[in-house]
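Below, read A as the first sequence line, B as the second, and so on, with proteins coming before strands; counting in each chain starts at 1. Computed from heavy atoms alone, side chains included, the values below leave out hydrogens, waters and symmetry copies.
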There are 2 protein chains.
Amino acid sequence: MLVNETKPFRELCRENGIAVTHQRQVLYETMKTMHGHPSPEEVYARVKKKVPAISLATVYKNIHIFVESGVFREVSLHHGSVRVEMNGEPHHHVVCSKCRKITDIGEKELGLGAKRSRLPGGFLVERYAVDVIGVCAKCQKSDC
Amino acid sequence: MLVNETKPFRELCRENGIAVTHQRQVLYETMKTMHGHPSPEEVYARVKKKVPAISLATVYKNIHIFVESGVFREVSLHHGSVRVEMNGEPHHHVVCSKCRKITDIGEKELGLGAKRSRLPGGFLVERYAVDVIGVCAKCQKSDC
DNA sequence: ATACTAAACGATAAAAGTTATCGTTCAATA
DNA sequence: TATTGAACGATAACTTTTATCGTTTAGTAT
Ligand SMILES: [Mn+2]
Ligand SMILES: [Mn+2]
Ligand SMILES: [Zn+2]
Ligand SMILES: [Zn+2]
């Protein structure tokens, strides 16, 4: 394989109006190989092996750029702080990917299973993120 | 109404093996009246009006206790930092409420709509949290 | 009622995560 | 090759959360 494998990244940058820098490219290629759901610190640690002089700020800035341009995404929208739920009624949440506002939505109103592109109120659905909350097999025994 | 309304809280404390302190009770009563999905800081600001000397640390500690004992809950499990998703395949996530580990789960494997109490691998399902990600009506026009 | 003890509290330092600032370097374009 | 805005590295600042520790208090046994 002698094909120029960097071509897709250059295109990707042109499409999103960002420069093709060495750091950005190594970040992109490194992240693509990472499995799971790494934190910025974990990405930083990994990419430092290839570009030891890279700054943590650069990692953060480029993760934001990648997420904004849709190259990668956030696992679930991060709110910066814990949010507490006092409403005991079973319900789900509508989260705006721009302002991150959290709004309740009833199960019936959501119609789980029959996805809608738009909800009552005008909310434009990008995707449903289903978090199944519970206890993993390991924690069930090891008591964590 | 001259009935002792504090009785349920005292029971709740006894059931969970925690002391009935003034701060804890005011926190509980205050949080019960709060709508939406407040952060610890917002809870702190509100409860300070009734107990000006309360410490932010006490607010954090009691929120943890309330969440652990199931009195209240977290809107979606907080991971402390942003988590990036490089897997472009549409899938959902299984999150352990103890160790907070995030694991991928395919749509088919999840069987959205037909909830299971246990998933392949032994994960014990407590609840499904459905986040509908998208853009709210306000942000669609105001461009945030 | 009083004394005892573990739990809880307040104050605050420390840690962790993220963003902002700013001088320098570099990629894109002419 | 020269120009210039974007991106970079270093680091300070800020936000959120946890840890520490001396003091106070609730629960229990006298
Ligand atoms: Mn809610
Ligand atoms: Mn995933
Ligand atoms: Zn919005
Ligand atoms: Zn676990």
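Residue order along DNA chain D, read from the 5' end via each residue's closest nucleotide, puts B/P40 first among B/V20 and B/P40. Nearer the 5' end of DNA chain D, as judged by each residue's closest nucleotide, is the contact made by A/S55, out of A/S55 and B/K61. Between B/V51 and A/A57, it is B/V51 whose nearest contact on DNA chain C lies nearer the 5' terminus. In this structure, B/S81 and A/H22 both approach DNA chain C, and ranking their closest nucleotides by distance from the 5' end singles out B/S81.
A 4.0 Å heavy-atom criterion places the boundary nucleotides of DNA chain C facing chain B at C/dA8 to C/dT18, written 5' to 3'.
The pair B/R100-B/E74 meets the salt-bridge criterion, with a side-chain N (NZ, NE, NH1 or NH2) lying under 4.0 Å from an Asp/Glu carboxylate O.
Rounded to whole angstrom, the span from the OH atom of B/Y60 across to the P atom of D/dT15 amounts to 12 Å. Rounded to an integer number of Å, the gap from CZ of A/R24 to C1' of D/dC8 is 10 Å. Atom C1' of nucleotide D/dT18 and atom CG of B/N62 are separated by 15 Å, given to the nearest angstrom. Between the NZ atom of A/K48 and the P atom of D/dC8 there is a distance of 16 Å, given to the nearest Å. In this structure, the CD1 atom of B/I54 is 16 Å from the C1' atom of D/dT23, given to the nearest Å. D/dC8 atom P lies 5 Å from atom CD of A/Q23, rounded to whole Å. Note: OH (B/Y44) to P (D/dT15) measures 15 Å, nearest angstrom.
Between A/V84 and A/M86 the shortest side-chain heavy-atom distance falls below 4.5 Å. Residues A/S39 and B/V82 have side chains not in contact (no heavy-atom distance under 4.5 Å, counting atoms from C-beta outward).
Taking each heavy atom of B/E89 and B/N87 in turn, the nearest pair found is N-OD1, 2.9 Å. A/C99 approaches A/C96 most closely through the heavy-atom pair N-SG, 3.4 Å.
Among the atoms of the strands shown, none is found under 4.0 Å from any heavy atom of B/H79. When heavy atoms are screened at a 4.0 angstrom cut-off, A/L56 is found touching base atoms of the nucleic acid. Using a 4.0 Å heavy-atom distance criterion, A/A19 is classed as a sugar-phosphate-only contact.
Note: A/H37 and B/H93 meet the aromatic proximity criterion, with ring centroids under 6.0 Å apart.
When hydrophobic clusters are built by joining Ile, Leu, Val, Met, Phe, Trp and Tyr residues whose side-chain heavy atoms come closer than 4.5 Å, directly or via intermediates, A/I65 is not grouped with A/Y60.
Residue A/I18 has its side chain nearest to D/dA7 when only D/dT17, D/dA26, D/dA7 are considered.
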